[in-house]
2 protein chains.
Amino acid sequence: MKADRTSLSDLLRVSGFKATSGRVEVLGLFIRAGRPLSQMQIMEMLGPRLDRASVYRILSAFTEAGLLHMAYVDGRHRVYELPDKCGHSHCHPHFSCRSCGMTACLEDFQVKCKGSIGKGFVAERQKVLIEGLCPGCKGK
Amino acid sequence: MKADRTSLSDLLRVSGFKATSGRVEVLGLFIRAGRPLSQMQIMEMLGPRLDRASVYRILSAFTEAGLLHMAYVDGRHRVYELPDKCGHSHCHPHFSCRSCGMTACLEDFQVKCKGSIGKGFVAERQKVLIEGLCPGCKGK
DNA sequence: TGATTTTTGCAATAATGTCGCATTTGTGAT
DNA sequence: ATCACAAATGCGACATTATTGCAAAAATCA
């Protein structure tokens, strides 16, 4: 996916948004990061260029428009990511480090489900999270 | 598991707690419910008999002592359950209704994982959550 | 460029969770 | 049974995370 400002702006407009600098920056951040991000992490990366409320609004709007989706909830933080590697209902699993909070997508990790969830229940989405320690926090 | 007050009190004392009425009630709630519960749901069931802060403290203390564990985080709410059906690292999957917030344990639902999470990473716990609609919310 | 509409920043407020401390409640000894 | 001690509770204050209203600013389109 290209990540220059022009193509980001186009992507935003196609999705029905005005291509404001804040939105371009947030979207570019996700594309460059290639990993799930929380509002906190975005704020840290952007500094005070964007208001807290705006980041929340951008994340909600992007998610509603399908530009992002909520990968999982880590402790008290919602973690979002680009949906480019996921189908509508089936998302790849994620890893979350319990020490530093670092997150990663587990694309080579397959999860197979067997069995029924019960009569009358409708499954819409499956979320798998592996918690543990990342290489950096492992030794400590 | 028995759920009368006397055996609950004994269980609490064995775990190193005083068998206060609040703790007996909370533990009894989990045993009778047979499903995961959040602080909010506990408060609703108990009414004003127990303070908010006490419920939080009880849930933390029980979790630390191994009497409960945190099943998953649902939106902004932490959801706890008895660990009687789970190993240390492997917990059965859960279902969460996106409409009413109702939760259930999926004991007949098997999740098989294949592949590596990556070099240097340590997996400690696996959490699987199926989101969807429960029978009651399905038609709406 | 100017008009229109969306988006932002800011401040106020809500929702959720935590902490300190005086008071109350279990517990075990007497 | 009652007493003294330690633990747990209730309450209020505070911390953190998220949302909302509204005036000001920015993007889009004619």
Side-chain angles (χ1 to χ4, degrees), chain A residues 5-29 36-65 67-68 70-80 101 103, chain B residues 5-29 36-65 67-68 70-80 101 103:
Chain A
R5 291 188 81 85
T6 306
S7 61
L8 288 182
S9 299
D10 289 346
L11 177 54
L12 284 168
R13 274 185 286 262
V14 165
S15 302
F17 294 113
K18 284 192 181 181
T20 60
S21 62
R23 290 182 169 175
V24 170
E25 294 210 55
V26 171
L27 185 53
L29 224 49
L37 298 173
S38 67
Q39 176 270 340
M40 276 258 280
Q41 294 172 312
I42 291 167
M43 288 300 284
E44 282 165 12
M45 291 190 243
L46 287 184
R49 266 181 293 172
L50 207 53
D51 188 72
R52 207 157 42 96
S54 299
V55 173
Y56 281 117
R57 279 185 285 225
I58 287 173
L59 291 174
S60 297
F62 281 9
T63 301
E64 198 173 338
L67 237 48
L68 291 177
M70 207 203 293
Y72 58 89
V73 180
D74 174 51
R76 307 245 282 272
H77 302 282
R78 302 171 197 179
V79 183
Y80 296 82
T103 61
Chain B
R5 290 190 80 86
T6 306
S7 61
L8 288 181
S9 299
D10 288 346
L11 177 53
L12 284 168
R13 274 185 286 263
V14 165
S15 303
F17 296 112
K18 284 191 181 179
T20 61
S21 61
R23 294 186 164 176
V24 169
E25 294 211 53
V26 171
L27 185 54
L29 224 47
L37 298 173
S38 68
Q39 174 270 341
M40 277 258 281
Q41 293 171 312
I42 292 167
M43 288 300 284
E44 282 164 12
M45 291 190 241
L46 287 184
R49 265 181 293 171
L50 208 52
D51 187 72
R52 205 160 44 96
S54 298
V55 173
Y56 281 117
R57 279 186 285 225
I58 288 173
L59 290 174
S60 297
F62 281 9
T63 302
E64 197 173 339
L67 238 48
L68 290 178
M70 207 201 296
Y72 59 89
V73 180
D74 173 50
R76 308 244 282 271
H77 302 281
R78 301 173 198 178
V79 183
Y80 296 82
T103 60

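Quick note on labels: first sequence line is chain A, next is B, and so on, each numbered from 1. If you're wondering where the values come from, they're calculated on a predicted model, not measured in any experiment.
- Atoms OH and CG, from Tyr80(B) and Leu59(B) in turn, are 5.5 Å apart once rounded to the nearest 0.5 Å.
- Rounded to 10°, the angle separating the first-five-pair axis and the last-five-pair axis of the helix from dT1(C)-dA30(D) to dT30(C)-dA1(D) equals 30°.
- Nucleic acid contact for Arg13(B): sugar-phosphate only, since backbone atoms but no base atoms lie under 4.0 Å from a heavy atom of the residue.
- Nucleotide dT19(D) holds its P atom 14 Å from the CD1 atom of Ile58(A), rounded to whole Å.
- Out of dG26(C), dT7(C), dC21(C), the shortest distance to the side chain of Arg57(B) is found at dC21(C).
- Rounded to a whole Å, the CZ atom of Arg23(B) is 14 Å from the C1' atom of dT27(C).
- Rounding to whole angstrom units, CG of residue Leu59(B) and P of dA8(D) are separated by 14 Å.
- Take the nearest nucleotide of DNA chain C for Gly22(A) and for Arg76(B): the residue whose nucleotide is more 5' is Gly22(A).
- Ser60(B) has its side chain out of reach of Arg57(B): every pair of non-hydrogen atoms, C-beta onward, lies at least 4.5 Å apart.
- No hydrogens or angles were tested; on distance alone, nothing pairs the side chain of Arg52(B) with the base of dG10(D) as donor and acceptor under 3.5 Å.
- Contact check for Leu50(A) versus Ile58(A): side-chain heavy atoms found under the 4.5 Å cut-off.
- Distance CD/Gln41(A) to CD/Gln39(A): 10.0 Å, rounded to 0.5 Å.
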Hey, mind stepping through Met45(B) and Leu37(B) against side-chain contact (heavy atoms from CB on, under 4.5 Å) and telling me if it holds? CA-CA 10 Å; Met45(B) 291 190 241; Leu37(B) 298 173; 3.3 Å; yes
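- Atom CG of Asp51(A) and atom P of dA12(C) are 14 Å apart (whole Å).
- Here the side chain of Ala53(A) is nearest to one of dT7(C), dC10(C), dT17(D), namely dC10(C).
- Spacing between atom NZ of Lys18(A) and atom C1' of dT7(C) amounts to 7 Å, rounded to whole angstrom units.
- Between the OG atom in Ser15(A) and the CD atom in Glu64(A) there is a gap of 12.5 Å [rounded to 0.5 Å].
- A straight line from CE of Met70(B) to C1' of dT16(C) spans 13 Å, rounded to a whole angstrom.
- Among the protein residues, Ala19(A) comes within range of the sugar-phosphate backbone only, with heavy atoms under 4.0 Å from sugar or phosphate atoms but none that close to a base.
- Remark: Asp51(A) CG to Met43(A) CE distance equals 6.5 Å, nearest 0.5 Å.
- Residue Leu12(B) holds its CG atom at 6.5 Å from CG of Leu67(B), rounded to the nearest 0.5 Å.
- Residue Thr20(B) places at least one side-chain N or O under 4.0 Å from the OP1 or OP2 atom of dT9(D).
- Taking 4.0 angstrom as the limit, Ser54(B) places a side-chain polar atom (N or O) nearer than this to OP1 or OP2 of dG10(D).
- By the 4.5 Å heavy-atom criterion applied to side chains, Thr103(B) and Tyr72(B) are counted as neighbours.
- Using a 4.5 Å heavy-atom cutoff, the side chains of Ser7(B) and Leu11(B) are not in contact.
- The nearest whole Å value for the distance from the NE2 atom in His77(A) to the C1' atom in dA18(D) is 12 Å.
- For the contact set between residues 37-50 of chain A and DNA chain C, defined by any heavy atom under 4.0 Å, the members are Arg49(A), Leu50(A).
- Rounding to whole angstrom units, CG of residue Leu12(B) and P of dT27(C) are separated by 9 Å.
- For dA26(D), neither phosphate oxygen OP1 nor OP2 lies less than 4.0 angstrom from any side-chain nitrogen or oxygen of Ser21(A).
- For dT19(D), neither phosphate oxygen OP1 nor OP2 lies less than 4.0 angstrom from any side-chain nitrogen or oxygen of Tyr56(A).
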